[in-house]
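Written out below as structure tokens is the structure these notes cover.
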Protein chains: 4
Amino acid sequence: MYYQIHSIVDMSTDKKEHIINTAIELFAVKGFEGTSIREIAAAAQVNLAMINYYFGSKEKLFESIVEYKASHSRGALEEVAADTSLTQMQKIEVIIQRHVDRLFANRHFHRVIFQEMVMTSRSALQESIICKIIYPNNQIITQIIQSGIDSGEFNRNADPQLCTVTIIGTINQIMSSKRFCNKMLNRDDDETYVPYEDDAFKQRFTNHMISIMQNHLLKQS
Amino acid sequence: MYYQIHSIVDMSTDKKEHIINTAIELFAVKGFEGTSIREIAAAAQVNLAMINYYFGSKEKLFESIVEYKASHSRGALEEVAADTSLTQMQKIEVIIQRHVDRLFANRHFHRVIFQEMVMTSRSALQESIICKIIYPNNQIITQIIQSGIDSGEFNRNADPQLCTVTIIGTINQIMSSKRFCNKMLNRDDDETYVPYEDDAFKQRFTNHMISIMQNHLLKQS
Amino acid sequence: MYYQIHSIVDMSTDKKEHIINTAIELFAVKGFEGTSIREIAAAAQVNLAMINYYFGSKEKLFESIVEYKASHSRGALEEVAADTSLTQMQKIEVIIQRHVDRLFANRHFHRVIFQEMVMTSRSALQESIICKIIYPNNQIITQIIQSGIDSGEFNRNADPQLCTVTIIGTINQIMSSKRFCNKMLNRDDDETYVPYEDDAFKQRFTNHMISIMQNHLLKQS
Amino acid sequence: MYYQIHSIVDMSTDKKEHIINTAIELFAVKGFEGTSIREIAAAAQVNLAMINYYFGSKEKLFESIVEYKASHSRGALEEVAADTSLTQMQKIEVIIQRHVDRLFANRHFHRVIFQEMVMTSRSALQESIICKIIYPNNQIITQIIQSGIDSGEFNRNADPQLCTVTIIGTINQIMSSKRFCNKMLNRDDDETYVPYEDDAFKQRFTNHMISIMQNHLLKQS
DNA sequence: GATGAATGAGAGTTCATTCAT
DNA sequence: TATGAATGAACTCTCATTCAT
């Protein structure tokens, strides 16, 4: 009986997570405005009113998604940044690698976040996304580059802020649309090809990013 | 009577353009889903039914926007690509410069296009955006880089397709959100600052992009 | 064909009035909160969206009712007040007579207005009801009584403001509930008896009101 | 164990009263329809389901309020009516005085009752309000007046039933809306003025009511 | 006895679109 | 060509209530 109670408590948490994960997929495909809570409820096979019951409103559901994911990914980059056994360039390399890994694996969620960041309306959402997710991560990268410049490891002409923009902008561009990605890679004839699931492409992309940053940041002998 | 018809045609062309320009601004601010044709009609001071009458539907209005803008910007890059007096690196530099210029000047329109490209639903829109606007431009850049590699001007390890992604991804990242941009530049305390109107920032950004590509593409002596 | 067009234009106005009249009856029976615009639409046999199309919102529909009725009843009392051929007491008598007549005839509308005046929430509605309908009428009565006192026709101990409250409060009490009214008159056994349609009762009530005010206002010889 | 049960019973009685008092205040401000049991539960800091558990439904909660208050105020008027040391006029004076006192002090509750009496729907509520609270009180007043007429103390032309309506109608009109009241008294500029808490106004109002009834009921020598 | 979770019904509102003229 | 009127569908959200524990 205790276990029964326990499992029900879990079910409640599970249900929330279940709704969140369903919502992420739908938001990723159809956008925030384009997805109705009716669809989410239907897809998650829960009552329509449950969503407002749990999250309060559609916007708050979105914010819950942001909180949920932010809390699950926090500390990934800090660890690397704090690792004194690595050169700054090595840190950048590891961060690129991990970032690409993470985004390829969570591409649905990432697209949701990216879409809302791009949207000018719904300021509250944009604000929380930028402040809670995007900016903190970017700041870590910027500071590593700044440290590299200060220590003489990196080219003093490099622009730390814009280098960060290049790193995440390139990744975001790749993530922004499967169709765009395939078109660019001349794979648009193959509907079934998903670049984000192709390890070879992931390696190729990671190499490109690392190479770009090495060439730009490192002093040339 | 001929003149009458003619003037009416002109009037309706003007009206169409007027609606298109109004719609671009609203779509840019509130997104496609977030903007109702009621709002567009009100802002353009035309009858609500006019819009469906002229464009058929909301989606077709959007496609008209794409067509309209694509037809107005076509041939800008081809000219540069065909200029035999320039080295491939110089072509890249010019293209970066012009692209940044153009996007900063038309940032409202650009954001609309970008938003819809990111959205996975509304396939028809995405298809036409990618095929009519994004891909042709990218292809030109990719081919220039390929030519540079083939001629030995560029590093043979460079990845032409991903280099193109880096160029437009970095710019898109900057364009995607004023708030993000200001946050990155530590200007988020100043609500009135619009980076896209700041020539100094435009220069700084252009320099960064050119520098990145030079360091990456050019062989190091 | 011209007449056809004309009749259609009228239909539009008619439809608005039709909706208003339907809404008055429903609001009177079930209150503002208790009546859904779905019910109003069904009862008026118009499309649900029409109501918002015409009136903007449920609250604005109510305000339209107030405006509509206020504009139809304006000037009824002013005329009496301005009639110099009458003594102040005669004016009061005529006003009581007409007020009772009017309210008995429009008891549905009156109950709606009264209900919302009593409701503390929905301040905006209350405000407009009091300022546009109740207060102006009351002010006229108060001023007549004041004039009577000033001219020596009325007892100087009378309280003009509270006398007005007595006049309209007594009528409102009678109008407030058919069931209450019948209970008071020991007619609660007869479900079909509608006091507001009984001329004998109307006369009895009018006489009572006039008698009360005569005894209170007129100096006793 | 007995004590435990006992204490729980006491607790639940307290809780019931607590809920009732919270509900009275909310109903008075926002009306019956306008107040959700969620709000009541939140304001009373009890579980939402508690209210249905204790009272069965929202309507039954309201009836409980009526019962509760009716049982707490019963016998106030009977006492006066039965007092043989008073003339009928003195009884009317005392009743007016006490009634005004009681309503001014319990104006929140009174407004709830009055609102629901005015509402035509929810017959059951209206029925119990009229039968359990309003009618019994009114009947006492009516009978006193009838006794005065029969004994020759009062004017034989007076209408006992309608005189009762005038008494309670005037008071209800004053109680129905603070805003109306202040507007009538030319105090609508002062948001903070609460006439029901102003002893001077209470005296003025009581005097007016007594004066009206004296002038109307007493034979003029 | 007491409660958090869950639900179906219905609320007001807004939408893109169509129709009659 | 141009438009005010009208519509049906769908939206988010809140409601009173119930149920399993």
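Labels below follow one simple rule: chain letters A, B, ... track the order of the sequence lines, proteins then strands, and each chain is numbered from 1.
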- Query: Could you give the CZ-to-C1' distance, from D:R38 to F:dC13, as a whole number of Å?
  - Reply: 11 Å

- Task: Ignoring backbone atoms, test whether D:Y54 places a side-chain nitrogen or oxygen under 4.0 Å from the OP1 or OP2 oxygen of E:dA2.
- Result: yes

- Task: Rounded off to whole Å, could you give me the CD-to-P distance for the B:E39 and E:dT14 pair?
- Result: 11 Å

- Item | Side chain of B:M50 - closest among E:dC15, F:dT3, E:dT13 | F:dT3

- Query: Which dot-bracket string fits DNA chain E when only Watson-Crick or G-U wobble pairs with both atom distances under 3.5 Å count, crossing pairs get [ ], and | stands for a partner on a different strand?
  - Reply: .||||||||||||||||||||

- Message: Holding to side-chain hydrogen bond (donor to acceptor under 3.5 Å, both in side chains), I want the full list of residues that pass it with D:E39, two or more places apart in sequence or in another chain.
- Response: D:K30, D:S36

- With sequence neighbours left out, the residues meeting side-chain hydrogen bond (donor to acceptor under 3.5 Å, both in side chains) with A:H110 are A:N172

- Query: Among E:dT13, E:dC15, F:dC15, which nucleotide sits nearest the side chain of D:S36?
  - Reply: F:dC15

- Find the distance B:I19:CD1 to E:dA16:P and express it as a whole number of Å. 14 Å

- Query: So, is the end of the C:K58 side chain (NZ or CZ) under 6.0 Å from the ring centre of C:F32 and within 45° of the ring's axis?
  - Reply: yes

- Task: Drop me the distance from D:R38's CZ to D:I40's CD1, to the nearest 0.5 angstrom.
- Result: 12.0 Å

- How long is the gap from CD1 on B:I133 to CD on B:E116, to the nearest 0.5 Å? 12.0 Å

- Task: Report yes if a side-chain nitrogen or oxygen of C:N52 is closer than 4.0 Å to either non-bridging phosphate oxygen (OP1 or OP2) of E:dT13; otherwise report no.
- Result: yes

- Nearest whole angstrom, please: distance from the P of E:dG10 to the CG of A:N47. 14 Å

- Task: Could you check A:G56 against D:G56 and say which one's nearest nucleotide on DNA chain F is further toward the 5' end?
- Result: A:G56

- Give me the ring orientation class for D:F27 and D:F62: parallel if the planes are under 30° apart, tilted from 30 to 60°, perpendicular past 60°. tilted

- Query: Of D:A49 and A:K58, whose closest DNA chain F nucleotide lies nearer the 5' terminus?
  - Reply: A:K58

- Task: Please state how far atom CG in A:L48 lies from atom P in F:dA10, giving the value in whole angstrom units.
- Result: 14 Å

- In whole angstrom, what separates C:K16's NZ from F:dG4's P? 14 Å

- Item | Residue whose nearest DNA chain E nucleotide is more 5′ - A:V46 or C:F32 | A:V46

- Message: For the CG atom of C:L26 and the CD1 atom of C:I19, what is their distance to the nearest 0.5 Å?
- Response: 12.0 Å

- Taking only the side-chain nitrogens and oxygens of B:Y53, find out if one of them lies under 4.0 Å from OP1 or OP2 of F:dT3. no

- Item | Whole-Å distance separating the CD1 atom of D:I37 from the C1' atom of F:dT18 | 11 Å

- Task: Verify the contact: side-chain N or O of C:K15 to OP1 or OP2 of F:dA6, cut-off strictly under 4.0 Å; return yes or no.
- Result: yes

- Distance, rounded to the nearest Å, where A:F55 contributes CZ and E:dA5 contributes C1': 14 Å

